[in-house]
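Order of the sequence lines fixes the chain letters, A, B, ..., with proteins taken first and strands second; residue numbering starts at 1 for each chain. Computation of the quantities below employed the complete heavy-atom set of this structure, encompassing side-chain atoms and omitting hydrogens, waters and symmetry-equivalent molecules.
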Amino acid sequence: MTAGSTMRDVLRPVVAKYRTSLGLPLAYIVVFAFFSIFGQNFLAFDNVLGILRLMSITGIIGIGMTMVIITGEIDLSVGSLVAVSGMVFGTQVVFWHWNMFAAGATTLCVGALNGLLVGVLRNRYKIPAFISTLTLQLILRGLAFVIYPMSLSPYPETFRFLATGHVGPVPSLLIILLVLYLAGYVFLFRSRHGREIFAVGANETAARYAGVRVELTRTLVFVIVGVLSSLAGILMASNQMSSLPNIAKSYELTVIAGVIVGGASLSGGTGSLFGTFVGMLLVQTIANGMVLMGLSSNMQFIVQGLIILLAVLINAINSLGIRGVSKDIA
Amino acid sequence: MKEHRRTSVLSRYKQERNLGIALLGIGVILSLTTKGFLTSYSISMILYNSSLLGIMGIGMTVVIIMGEIDLSVGSLVAATSCVYSYFAVNLAWGVWFALIPSLLTGVVGGATIAFLRNRFRIPSFISSLAFFMIWRGVALVLTGSRTISGFGDNFAVLGAFSFFGTIPLVTAILLVLAAVVWFLLSRTTNGLYVYSIGSNERIARLSGVPVNKMRYAALITLGLLSSFSGIIVTSNLMSGNPTIGEGFEMLVVAGVILGGTSLAGGSGTVVGTLLGVLFLQLIETGLVLLGVDPFLMMLLRGAIILLAFFAGTVQQYGLAGVSRKTLATSQE
């Protein structure tokens, strides 16, 4: 045995095991290198921090969306929910001068209620989540405008700290993001609920026979993504020090793109939070890099659509092979 | 079969009958409570809007019966409108030759969604959601977020002409197209194929139904119909506009579901869709005539669409929905 072949023997199982989870960070490095060379000021510290800041809001929603997609569902209402939450929070703080913690708590309840509604419609009435949430997207956007059609401000100056403050040198937004990912990880991979989420997504009938509370699990993931979206709404309000009814448009697609790029399968049963984190970072880096390369913001629509298509295609090729399903197989 | 013959025509078409009664009811209420309803202007507006959505609706009916969905139709309308105006005006292809690239846009969209569904089992809702963004982007990039105008006056005929000032030409076109699709669905083998794929794809495939081909046919037809709608809107506005068609997909899908087509696939009719789409437009126009604030309108439109889906499932499962017990015993 030569040294080379031994090396290969050692590496092969490692590569096989981590093939899918290695591909994504590698892709990220390539994208990062590409924009470092071609993007103006891409590597500037402020810009790198800016990408992380951008990524934080969608990344937080991504934690919940990962769970929803692992369950085999989807939520397309999160963008509008972010806007409504910002408006609900703003109404309480700016108009009614409520305590900010009380206002925050009621705002999170709005997200939870939305999740509950989607869950009930899905469980009791078998309305597919993509349909009910797509409709809720319209309803909630309308609601945001009905609450107040213009910018809501001013917030108390202390509120600024939540999203733009620093603890030592570390941005507070980044700390919130990392803490939530850690909590999400523990919940998803170290708790009974987490196992049930995977079980429902992998095989609903089998899960039901094994005693998994399928309905409860499904409602739970919708509630989680709802609460996280509301939190994102509050964070956005803190970031801009105002609430606007037209923010966060098509966030749902950015979030879903990140989650799918992160390796979660739309048919349910698989997904990881590390993947979502890197996937979201990749999507936002591309968005940022394109702006720095001077491409029009309209191109973002096309690129984001293509990213979603490409991600699901790569996912499918991973499991079906490059030629896909052959014609004769049912 | 015997059972079928004994039931009266009206109870066989229960959904259509109920919708018809509801349509009449709302019509009566609106004509009594508002001033502007029984004018040729608002009637032609209702007919124009519902015909436009109806043209996509009949294609969507077939797609949903097959158990698929296409959420990109609204963006495709905008993309086609911009492609059409770009070729017809900016590149001076003229209104006839510009039809080629415009209709091709719809074909490409439908064929890609069908290809990804057939070959890679990618759910049509997700690939069409990607196209929802892509087509909007194409429309915006092509026009630089502005409108393209400069058509000749004759072009307005397609979208703006109406018989006796009340019945738009578009409505006549819709009725012809609907008759064709109705015939194909209910009187031909291909129609039978569509229903069988929707009720059970596996069994259909094993019985020799060309499932993949039918999927291509249905999704490409819907793409073509959406592109055609885009050209109609262009003619109506006399310009290519990248912001049109927002929310069309939900209005179309809701109209189809309201018309009795099941989202799970396997059942549905063209006539139901026509009534469903008309119903939604009637309510919308009614709300406008009642002077509802445009922001509240957005909320109400969503709520009505959600109610339409709700009504569709309540018919199937009852008001209380599926109980946990039935779920536990039924195998899906």
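Proximity to chain A involves both the backbone and the side chain of Leu306(B), based on heavy atoms less than 4.5 angstrom apart. No part of Leu140(A) comes within reach of chain B, as not one of its non-hydrogen atoms sits under 4.5 angstrom from that chain. At a 4.5 Å heavy-atom cutoff, the contact between Leu266(A) and chain B is made by side-chain atoms alone. For chain B, the nearby part of Leu253(A) is the side chain; its heavy atoms alone come within less than 4.5 Å. The part of Phe131(B) that comes within reach of chain A is its side chain, from C-beta onward, which places non-hydrogen atoms under 4.5 angstrom from that chain. Neither the backbone nor the side chain of Ser319(A) comes within contact range of chain B; no heavy atom of the residue lies under 4.5 Å from a heavy atom of that chain. Interface remark: Val211(B) contributes no atoms to any contact with chain A (heavy atom separation under 4.5 Å). For Pro128(A), the part sitting under 4.5 Å from any heavy atom of chain B is the side chain, from C-beta outward, and nothing else. Both the backbone and the side chain of Leu309(A) come within contact range of chain B, judged by heavy atoms closer than 4.5 Å. The parts of Phe309(B) that come within reach of chain A are both its backbone and its side chain, each placing non-hydrogen atoms under 4.5 angstrom from that chain. Heavy-atom distances place the side chain of Phe130(A), and not its backbone, under 4.5 Å from chain B. For chain B, the nearby part of Ile322(A) is the backbone; its heavy atoms alone come within less than 4.5 Å. Both the backbone and the side chain of Ile305(B) come within contact range of chain A, each with at least one heavy atom under 4.5 Å from a heavy atom of that chain.
Of all heavy-atom pairs between Phe120(B) and Ile317(A), the closest is CE2-CG1, 3.7 Å. Scanning all heavy atoms of the two residues, the minimum distance from Gly305(A) to Ala130(B) falls at O-CB, 3.4 Å.
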Show me the side-chain donor-acceptor pairs of residues 290-302 of chain B shorter than 3.5 Å, one per line, residues at least two apart or across chains.
| unit_1 | atom_1 | unit_2 | atom_2 | d |
| --- | --- | --- | --- | --- |
| Asp293(B) | OD2 | Phe295(B) | N | 3.1 |
| Asp293(B) | OD2 | Leu296(B) | N | 3.0 |
| Arg301(B) | NE | Glu284(B) | OE1 | 3.2 |
| Arg301(B) | NE | Glu284(B) | OE2 | 3.1 |
| Arg301(B) | NH2 | Glu284(B) | OE2 | 2.7 |

Donor-acceptor pairs under 3.5 angstrom involving side-chain atoms of residues 67-77 of chain B: please list them, not counting sequence neighbours.
| unit_1 | atom_1 | unit_2 | atom_2 | d |
| --- | --- | --- | --- | --- |
| Glu68(B) | OE1 | Arg117(B) | NE | 3.2 |
| Glu68(B) | OE1 | Ser124(B) | OG | 2.8 |
| Glu68(B) | OE2 | Arg117(B) | NE | 3.0 |
| Glu68(B) | OE2 | Arg215(B) | NE | 3.3 |
| Asp70(B) | OD1 | Ser72(B) | N | 2.8 |
| Asp70(B) | OD1 | Ser72(B) | OG | 2.6 |
| Ser75(B) | OG | Phe132(B) | O | 2.7 |

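Side-chain contact between Ile302(A) and Met133(B) is absent, with no heavy atoms from C-beta onward closer than 4.5 Å. You'll find the side chain of Val138(B) stays beyond 4.5 Å of the side chain of Phe301(A), heavy atoms only.
Arg119(B) places a side-chain N or O within donor-acceptor distance of the main-chain N or O of Arg323(A), the cut-off being under 3.5 Å.
Interatomic distance, Met250(B) CE to Leu134(A) CG, rounded to the nearest 0.5 Å: 4.5 Å. Rounding to the nearest 0.5 Å places CG of Leu121(A) at 7.0 Å from CZ of Phe310(B).
The candidate from Asn118(B), Thr112(B), Leu140(B) with the greatest count of non-hydrogen atom pairs under 4.5 Å with chain A is Leu140(B). Residue with the most contacts toward chain A among Ile126(B), Leu129(B), Val314(B): Ile126(B) (heavy-atom pairs, distance under 4.5 Å). When each of Ile139(A), Ile308(A), Val312(A) is checked for heavy-atom pairs under 4.5 Å with chain B, Ile139(A) comes out on top.
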Full working for side chain to side chain contact (heavy atoms under 4.5 Å, CB included) between Ser145(B) and Asn298(A): CA-CA 8 Å; Ser145(B) 315; Asn298(A) 292 333; 2.9 Å; yes
